[in-house]
Structures are given as C-alpha cells and as structure tokens.
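Report on the following structure.
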Amino acid sequence: MGFSTVESGDCTSSTAIGMMDMYAGLPGPIDGSVLYRQDKHRSDRIWSSQDQSILTYTLTTRRSDSGLWGRAVDPLVMRHLYAAGFYGLSRIGFIRLDPALITALVERWRQETHTFHLPIGEVTITLQDVAVLWGLPIDGLPVTSMDSYRTMPEWQELCQNLLGRTPLDTDISGGSLRIGWITEYFTELPDDLPADLVV
C-alpha cells in the first residue's frame, strides 16, 4: 500500500486520507496471510477486550546495568574501548527507560515482518541507524553467538584462568556472568596489573 507524496506545506494528502478512510475501524491486518499471528498479538487483545484496564496497562522493564554507571573506567580498560570503537558508547551513561514508550512500541511490533506498524507505515531499525545514532563501528567481522556448550565446571575454570577468581554456580547463567558478581570483585583493577593482561 503506497501513499502519494505530500507537497511541502501540505499536511494532508487526499490519496493517503482516502486509503486510511477505506480501512478505518479495522482493528487487525487487512491481509491476514502476512500478519498470521494477529490472534496472539497484543493489539488483538486491546481491540477485542471488554476490560478497559488493558488500555492503560504499561509493561514493566528490567535492567541489569545499574552497577555499571557512576564509576570511572580504568585507563587500561579505556584503551581497549577506544581500540574497539566503543568509547563513545561508554560515555552515554545511564539512560532512563520510558515504560509507556516501550509498551507503545511493543504493541506496534510485528514479529512476522520484523517491523513496527505505525500510522505512517512500516518502519524498522537498521544497522545503519544504530551506527549513526550510537557512533558504533559496523565494519569488520561480526561478533555473534553464545558458547552454550561448556559445562559449569568449564565456565568456572575459564573464569579462574582469565579473571583469577571462580564464580559460584548461581553467578553463571547460560554462558553469562551476573553483573553483580563482576562489580563486586572487579570494581577497580589492581595497581600492579600489567597492561598486556587487560584484553
């Protein structure tokens, strides 16, 4: 479905308004073969529910980065942030989340097409958007996947070899270390740490 170009200064396009009027009041997709998960989508519950509380329900958000902000980054680590192109991202700091905005975007996200369905049409976030907005490098080899084939003792041995400390089973989940454990033991690097050990 295309819209005609809006001339400068003209906020209404007769073609666009005509297209919107044709489908006004239809709560779901016009063609169900593309958005085939509509019956499981949050928007379907909003349109079909008699319960008005769903209209004011805001999703709760979870964070795991609260222990990272407000501390100075060690110069040995900063050197690697510069080299990897992540220095600008490290300067952004704590970002306050807007649960209402996140809820609105979730309501408009379509898993089938990986796009947000907005009144202006379909939009998505591209790799170029991320590069421009956050100043991140997007050239080179990708960093992907998670090594989920290691056993718990193997993860603990790897941590001992690389970090000099062994986390408990409860501090490792699916190949990830709990941020609280990292900040508890590695808030500051030792003064006598050789620079070549920080990788």
Side-chain angles (χ1 to χ4, degrees), residues 58-118 120 122-199:
T58 302
L59 298 172
T60 55
T61 54
R62 225 175 2 146
R63 310 185 69 116
S64 62
D65 62 345
S66 59
L68 296 176
W69 308 111
R71 293 189 171 115
V73 179
D74 191 283
L76 293 173
V77 174
M78 192 61 69
R79 178 178 60 136
H80 292 285
L81 290 175
Y82 273 115
F86 286 109
Y87 174 74
L89 190 62
S90 72
R91 301 281 300 150
I92 291 169
F94 183 83
I95 296 174
R96 189 175 156 268
L97 297 179
D98 184 345
L101 175 62
I102 293 171
T103 301
L105 290 172
V106 166
E107 289 172 355
R108 288 154 181 80
W109 178 256
R110 297 312 304 229
Q111 187 177 0
E112 304 93 334
T113 58
H114 296 274
T115 56
F116 294 100
H117 284 225
L118 303 176
I120 59 168
E122 292 182 53
V123 296
T124 195
I125 300 168
T126 66
L127 185 59
Q128 184 179 10
D129 295 329
V130 173
V132 170
L133 293 172
W134 294 102
L136 293 174
I138 58 172
D139 299 325
L141 296 173
V143 178
T144 62
S145 187
M146 192 175 2
D147 186 358
S148 58
Y149 300 105
R150 294 179 193 260
T151 64
M152 183 61 69
E154 290 173 329
W155 280 119
Q156 291 171 323
E157 181 182 355
L158 182 66
C159 289
Q160 180 62 43
N161 291 341
L162 295 176
L163 303 173
R165 199 170 264 288
T166 303
L168 299 173
D169 292 3
T170 55
D171 294 320
I172 301 175
S173 174
S176 298
L177 273 173
R178 194 172 55 81
I179 292 288
W181 183 83
I182 294 171
T183 56
E184 181 180 349
Y185 294 106
F186 300 100
T187 305
E188 295 178 17
L189 294 177
D191 293 334
D192 59 345
L193 186 68
D196 60 338
L197 285 182
V198 181
V199 291

Pairwise side-chain contact, [X] with [Y], heavy-atom cut-off 4.5 Å (strictly under):
X	Y	result
T115	V123	no
L133	I125	no
V130	I138	no

For the residue pair W109 and F116, does the interplanar ring angle fall in the parallel (under 30°), tilted (30 to 60°) or perpendicular (over 60°) class?
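Judged by the thresholds at 30° and 60°, the geometry between W109 and F116 is perpendicular.
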Nearest 0.5 Å, please: how far is [atom2] in [Y] from [atom1] in [X]?
X	Y	atom1	atom2	answer
T103	R108	OG1	CZ	10.0 Å
E154	C159	CD	SG	12.0 Å
H117	E112	NE2	CD	7.5 Å
D171	Y185	CG	OH	7.5 Å
R178	L168	CZ	CG	8.5 Å

T126 side chain vs D129 backbone, donor-acceptor pair below 3.5 Å
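Yes, T126 side chain to D129 backbone: donor-acceptor pair under 3.5 Å.
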Is the count of non-hydrogen atoms from other residues, nucleotides or ligands lying under 6.0 Å from L136 atom CG greater than 12?
yes
Do T166 and Q156 have a side chain donor and acceptor closer than 3.5 Å?
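Checked: T166/Q156 side chains show no N/O donor-acceptor pair below 3.5 Å.
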Dump the intermediate steps for side-chain contact (heavy atoms from CB on, under 4.5 Å) on W181 and R165, then the final yes or no.
CA-CA 11 Å; W181 183 83; R165 199 170 264 288; 3.9 Å; yes
Closest non-hydrogen atom pair between T124 and H114, with its separation:
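Where T124 meets H114 most closely, the heavy atoms are OG1-O, 2.9 Å.
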